[in-house]
Amino acid sequence: MSELSFKTYCIENYAEYKNASSSSVFEKFLKSKLLQHLKTDYEDLHGMGKEYLMDYFDKWFGEKKVK
């Protein structure tokens with residue numbers, strides 16, 4: 001999967017997970033520097049499962065406490 005495809009996958013799936021629009025999730029990823037993080041840590045993150053990624057994003061945004 002290319003980096004662009006991975007970013008799109010993350011945005012679309014997180015939008016569905018949060019019942020939000022893709023554009024609002026894109027803005028949230030952009031403002032929080034998560035889009036850049038997805039690029040720099042692509043090798044580590046792109047092999048992760050969908051549930052793990054959704055949890056990871058919640059933690060990134062401070063919506064879940066890190067254990």
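Atom set for the values below is all heavy atoms of this structure, side chains included, hydrogens, waters and symmetry mates excluded. Positions are given from 1, in the same order as the sequence printed here.
For the atom pair NZ of K31 and CZ of F61, the computed distance is 11.5 Å after rounding to the nearest 0.5 Å. Separation of atoms OH (Y56) and CG (L38) is listed at 8.0 Å; rounding is to 0.5 Å. Atom-to-atom distance recorded for H37:NE2 and L35:CG is 11.0 Å, nearest 0.5 angstrom. Interatomic distance, NZ of K18 versus CE of M54, reported as 10.0 Å (0.5 Å rounding). Atoms CG and OG, from L4 and S2 in turn, are 5.0 Å apart once rounded to the nearest 0.5 Å.
Side-chain contact between S22 and F26 is absent, with no heavy atoms from C-beta onward closer than 4.5 Å. Side-chain contact check for Y17 versus V25: every heavy-atom pair is 4.5 Å or farther apart.
With sequence neighbours left out, S24 forms a side chain to side chain donor-acceptor pair (under 3.5 Å) with S21. K28 pairs by the salt bridge (Lys or Arg N to Asp or Glu O under 4.0 Å) definition with E63, not counting sequence neighbours.
Aromatic rings of Y14 and F29 (six-membered ring for Trp) have centroids within the 6.0 Å cut-off, being under it.
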Expected list for residues 43-53: side-chain donor-acceptor pairs under 3.5 angstrom, two or more places apart:
| residue | atom | partner | partner atom | Å |
| --- | --- | --- | --- | --- |
| H46 | ND1 | Y42 | O | 3.0 |
| K50 | NZ | N13 | OD1 | 3.1 |

Verdict with reasoning, F6 to C10, per side chain to side chain contact (heavy atoms under 4.5 Å, CB included):
CA-CA 6 Å; F6 178 62; C10 291; 3.5 Å; yes
